[in-house]
Amino acid sequence: MRILHTSDWHLGQHFMGQSRQAEHRALIDWLVAQVDAHAVDAVLIAGDIFDTGAPPSYARELYNQLIARLHQAGVALLVLGGNHDSVSVLDESRDLLRHLGTQVIAATGAPQQHAITLPLRVSGDPGCIVCALPFIRARDVQQSLAGQSALDKQRALQAAIQSTYEQVYEAALTQQAVLLQLLGRKLPIIATGHLTTVGASSSESVREIYVGSLEAFPTNAFPPADYVALGHIHQPQKVGGLEHIRYSGSPIALGFDETRQTKQVLLVDVGEDGLQAVTPLQIPVFQPMSALRCSLAALPNALKNVASSADAERPTWLDITIEEDDYLADLPARVQALTDGLPVQVLRIKRQRGTAAAQLQSAAMESLGDLTPLEVFARRLAQEALEPPLQQALTERYQEVVHIVTAPGGDAA
């Protein structure tokens, strides 16, 4: 059986005021073509299909288009909830989507509910068993005890997650034995997860999901599945050098620090003898992005290098950091003058030291009403010289507040 492993699509992401809708639409076209070209039996999305718990309508439309096109191609789809996803949003269409060949696992439930089969594309017979675990919230697997230290809570949460995997794996083994009697062949077992593991390399656009509790889950705590399909980390990688435990990474760059990564999906071949092969498929760059860090004097040459390979129909998004000690009050105007006429679009300008000047440049003047609360907060935060972990934590707290005050029945006051 051949599985296409992907994760962290973040449909609906607004990136410094820019929509990713066109990129995600192109990604769906590309992915469906790869599914046909490589005879894929099923697609597995290991969490964070949406960027927020309340995705915009066009993001839901893209989600539905992906489901409809894979159904038309006769390919099964398994969608797992991530820390960005809303359980209720994913669950609202779960029963309907099952009739379209899509299985959605949004939250943690009984072990038997997570041991599911994925069918072969041609025959429809069971092809593999998946220990389909989404992002595991601490409240779903453990209870807080009075007097616990931070270390005690971390150890308890790790033990609870490990126990959850063990129970689901036992349910998968039971199902494997039953199907062996019915089909006369042993089905491989795949496990999933949306979490940080020990030894994984992260990026600035990834929020740690167990802040203050579980920093990373050890690889030896996973069950002995034939393959472990992970999400949450945006950089594709093997975990601990192990062939069978992998992050597929995000399919598009979700931050400027990811622009140098080669984005990919993974073709995973499994059979009666377990894992047979893992083949990365490189994803085209649908939106060029570049981060420049140089002095103001060196900026013209840097811009020239970017422009030489840029496309006028798809201007390259730029994040420019000027390495100057002196305060330059007219820095945005200087940069704008240097970029006039070039096939680039400056999304952010900042200085390496002193008072950061983070400003979005656009052809049209913007008013506050043109921006979402999160965009306003992001721009204000960019003016502070804060470490990325603190920026992530503040952004996460702010998003929680926005969600509370904008939710139905929320107190907007």
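Only heavy atoms go into these numbers, but all of them, side chains included; no hydrogens, no water, no symmetry mates. Quick caveat: nothing in here was measured; it's all calculated off a predicted structure.
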Worked check of salt bridge (Lys or Arg N to Asp or Glu O under 4.0 Å) between Arg94 and Asp91 | CA-CA 5 Å; Arg94 179 186 57 196; Asp91 276 348; 3.4 Å; yes
Problem - Audit row: Ile136, Leu195, side chain to side chain contact (heavy atoms under 4.5 Å, CB included) steps and yes/no - result: CA-CA 8 Å; Ile136 300 176; Leu195 72 177; over 6 Å; no
Evaluate side chain to side chain contact (heavy atoms under 4.5 Å, CB included) for Phe217 paired with Thr196, printing each intermediate quantity in order.
CA-CA 6 Å; Phe217 191 67; Thr196 303; over 6 Å; no
Note to self: Assess the residue pair Ile129 and Ile190 against the criterion (side chain to side chain contact (heavy atoms under 4.5 Å, CB included)); give the C-alpha distance rounded to whole Å, side-chain angles, the decisive distance to 0.1 Å, and a yes or no.
What the structure shows: CA-CA 6 Å; Ile129 301 170; Ile190 294 175; over 6 Å; no
Begin from the C-alpha positions of Leu62 and Leu27 and carry the test side chain to side chain contact (heavy atoms under 4.5 Å, CB included) through to its verdict. CA-CA 10 Å; Leu62 288 169; Leu27 172 63; over 6 Å; no
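Tyr227 does not carry Arg246 over the face of its six-membered ring by the limits of under 6.0 Å from the centre and within 45° of the normal.
Under the 4.5 Å side-chain criterion, counting only non-hydrogen atoms from C-beta, Tyr58 is not in contact with Leu11. The closest side-chain heavy-atom distance from Leu230 to Thr197 is below 4.5 Å. Within the 4.5 Å cutoff, side-chain heavy atoms of Leu347 are placed close to those of Phe256. Two residues are said to be in side-chain contact when any heavy atoms from C-beta on lie closer than 4.5 Å; Gln235 and Tyr247 fail this criterion. Using a 4.5 Å heavy-atom cutoff, the side chains of Lys238 and His244 are not in contact. The shortest distance between side-chain heavy atoms of Ile45 and Leu80 does not fall below 4.5 Å. Looking only at side-chain heavy atoms (C-beta outward), Asp95 and Leu97 stay at 4.5 Å or farther from each other. Here the side chains of Val40 and Leu267 are in contact, with some heavy-atom distance below 4.5 Å.
Here the closest heavy-atom approach between residue Cys128 and residue Val130 is recorded as SG-CG2, 4.0 Å. The shortest heavy-atom contact between Arg20 and Leu254 is NH1-CA, 4.1 Å. Residues Pro188 and Asp226 come closest through the heavy atom pair CA-OD2, 3.3 Å.
Checked against Gln175 for a side-chain contact (heavy atoms from CB on, under 4.5 Å), the options Ile116, Leu187, Thr117, Ile189 give a single hit: Thr117.
The pair Lys263-Glu258 counts as a salt bridge, with a side-chain nitrogen and a carboxylate oxygen less than 4.0 angstrom apart.
Residues forming a side chain to side chain donor-acceptor pair (under 3.5 Å) with Gln103 (at least two apart in sequence, or on another chain): none. Partners of Asp340 by side chain to side chain donor-acceptor pair (under 3.5 Å), not counting sequence neighbours, listed by chain and number: Gln336. With sequence neighbours left out, the ring-ring contact (aromatic ring centres under 6.0 Å, His included) criterion links Tyr169 to no other residue. Take Ser88 and apply the side chain to side chain donor-acceptor pair (under 3.5 Å) test, not counting sequence neighbours, and it matches Ser86. Remark: Tyr398 pairs with Phe377 by the ring-ring contact (aromatic ring centres under 6.0 Å, His included) rule, at least two apart or across chains. For His114, there are no ring-ring contact (aromatic ring centres under 6.0 Å, His included) partners two or more places apart in sequence or in a different chain. Residues passing the ring-ring contact (aromatic ring centres under 6.0 Å, His included) test with Phe50, sequence neighbours excluded: Tyr63.
For the atom pair CG of Asp257 and NE2 of His234, the computed distance is 10.0 Å after rounding to the nearest 0.5 Å. Atom CG of Leu31 is separated from atom OG1 of Thr6 by 7.0 Å, given to the nearest 0.5 angstrom. Taken to the nearest 0.5 Å, the CG atom of Asp85 stands 8.0 Å off from the NE2 atom of His10. The distance from the OG atom of Ser250 to the CD atom of Gln264 is 10.5 Å, given to the nearest 0.5 Å. A distance of 13.5 Å separates CD of Gln345 from CZ of Arg314, quoted to the nearest 0.5 Å. Distance check: Leu342 CG to Thr316 OG1 gives 10.0 Å after rounding to the nearest 0.5 Å.
Side-chain contact check for His232 and Asp48: no donor-acceptor pair (N or O, by modelled atom type) lies under 3.5 Å.
Within the structure, the salt bridge (Lys or Arg N to Asp or Glu O under 4.0 Å) test picks out no pair touching residues 105-116 (sequence neighbours left out). Residue pairs meeting the salt bridge (Lys or Arg N to Asp or Glu O under 4.0 Å) criterion with at least one partner in residues 294-311, sequence neighbours excluded, do not occur; the list is empty. Pairs engaging residues 30-47 under the salt bridge (Lys or Arg N to Asp or Glu O under 4.0 Å) rule: Asp36-Arg121 [sequence neighbours left out]. For residues 54-72, the pairs satisfying salt bridge (Lys or Arg N to Asp or Glu O under 4.0 Å) are Asp29-Arg69, Arg60-Glu92, with sequence neighbours left out.
A centroid separation of 6.0 Å or more is found between the aromatic rings of His99 and His71.
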Donor-acceptor pairs under 3.5 Å, side chain of residues 281-298 to any protein atom, not counting sequence neighbours: which ones?
| from | atom 1 | to | atom 2 | distance (Å) |
| --- | --- | --- | --- | --- |
| Gln287 | NE2 | Pro315 | O | 2.9 |
| Ser295 | OG | Ala298 | N | 3.2 |

